[in-house]
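Okay, so here's the structure we're looking at.
Just so we're on the same page: letters track the sequence lines, and every chain starts at 1.
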Protein chains: 2
Amino acid sequence: MPVKARRSVCPISSALDVFGDKWSLLIIRDFFAGKTSYSEFLSSPEKISTNILSSRLRLLEEQGLVAVGEKSTRTGKPVYRLTEKGKRLHPVLDAIAAWALENIEGTEKLIAVGE
Amino acid sequence: MPVKARRSVCPISSALDVFGDKWSLLIIRDFFAGKTSYSEFLSSPEKISTNILSSRLRLLEEQGLVAVGEKSTRTGKPVYRLTEKGKRLHPVLDAIAAWALENIEGTEKLIAVGE
DNA sequence: ACTAATAACTTGCAAAATGCAAGTACCGGT
DNA sequence: ACCGGTACTTGCATTTTGCAAGTTATTAGT
């Protein structure tokens, strides 16, 4: 599947072509929180639906932000991981979280966006 | 019109409820580039359509990121401006642009995201 | 005052993305 | 062989987006 055409060469526009939707960055957030499996992503409080999760993981993989490891022979589950390119999004999530904590009432830092 | 229900109290999720789409942050980018009028936003290379621009400006206004000034008596045009809350998004745009310039081939810093 | 032009929208409708419920496939254990 | 759980896929209704074509208001020129 071809990577979708970008709208312009502007870095912000190009970045939004990659993760400019309501779900992609939440999945990335969950990666930073240590999640690696389908069911773990489904368990997040925002309740992503299975078809969206499946398609987003595929898109993120196509974009090179996520890699799917071999299914663990112990558990049989595929293991999803952030690539280096994906991990470099950490400052973006940091900036967004900082803005929201200051500017949107009722937001709370629940999960450590660690690493 | 009521502000849409947020999906969770997570700051990232809440922030995406505000600007998690393909267009909102591009409009914000244009504000930082000094644009203030409808036609200026339309002239950006990504070619937003008029109905989306109209509805996004309204949503951003409802969220308190954008304020509409009185129509200038000289030109008759409404003047759109970022509020302080909107201006505080500058670090977010900075982080996104920095990531894209490093991680997406063919992106170029075209407009000064100044202010 | 009349006309033309431009800016700022709104409307209608097709296309795509999202959301929900249900179903299928493939383990691993008993 | 059967069962339960995880990882999906499928079908379809709803919502959002995208494009083209209006509509309204103000300004610029004659």
Rounding to a whole Å, what distance do you find between [X]:[atom1] and [N]:[atom2]?
{"X": "I27(B)", "N": "dT17(D)", "atom1": "CD1", "atom2": "P", "result": "11 Å"}
{"X": "L53(B)", "N": "dT16(D)", "atom1": "CG", "atom2": "P", "result": "18 Å"}
{"X": "D17(A)", "N": "dA17(C)", "atom1": "CG", "atom2": "C1'", "result": "15 Å"}
{"X": "W23(B)", "N": "dC19(D)", "atom1": "CH2", "atom2": "C1'", "result": "12 Å"}
{"X": "K47(B)", "N": "dT17(D)", "atom1": "NZ", "atom2": "C1'", "result": "18 Å"}
{"X": "F41(A)", "N": "dT6(D)", "atom1": "CZ", "atom2": "C1'", "result": "14 Å"}
{"X": "E46(A)", "N": "dG19(C)", "atom1": "CD", "atom2": "C1'", "result": "15 Å"}
{"X": "I48(A)", "N": "dA7(D)", "atom1": "CD1", "atom2": "C1'", "result": "14 Å"}

So how far is it from [X] [atom1] to [Y] [atom2], rounded to the nearest 0.5 Å?
{"X": "K87(A)", "Y": "E84(A)", "atom1": "NZ", "atom2": "CD", "answer": "4.5 Å"}
{"X": "L89(A)", "Y": "I96(B)", "atom1": "CG", "atom2": "CD1", "answer": "9.0 Å"}
{"X": "D21(B)", "Y": "I27(B)", "atom1": "CG", "atom2": "CD1", "answer": "8.0 Å"}

State, to the nearest 10°, the angle formed by the axis through the first five base pairs of the helix from dA1(C)-dT30(D) to dT30(C)-dA1(D) and the axis through its last five.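 Nearest ten degrees gives 20° for this helix.
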When you check every protein heavy atom under 4.0 Å of nucleotides 4-10 of chain C, what one-letter string (B, S, -) results, 5' to 3'? ---SSBB
Could you check if a side-chain atom of [X] sits within less than 4.5 angstrom of a side-chain atom of [Y], using non-hydrogen atoms only?
{"X": "K109(B)", "Y": "C10(A)", "answer": "no"}
{"X": "L26(A)", "Y": "F41(A)", "answer": "no"}
{"X": "L93(B)", "Y": "I12(A)", "answer": "yes"}

Which of these nucleotides, dC20(C), dT18(C), dG18(D), is closest to any side-chain atom of D21(A)?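 From the listed options, dT18(C) comes nearest.
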Less than 4.0 angstrom between a side-chain N/O of K22(A) and OP1 or OP2 of dA17(C), yes or no?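 For K22(A), the contact criterion (side-chain N or O under 4.0 Å from OP1 or OP2 of dA17(C)) is not met.
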Exam field: side chain [X] to backbone [Y], donor-acceptor pair closer than 3.5 Å:
{"X": "T83(B)", "Y": "L65(B)", "value": "yes"}
{"X": "T36(B)", "Y": "R81(B)", "value": "no"}
{"X": "R7(A)", "Y": "K22(B)", "value": "yes"}

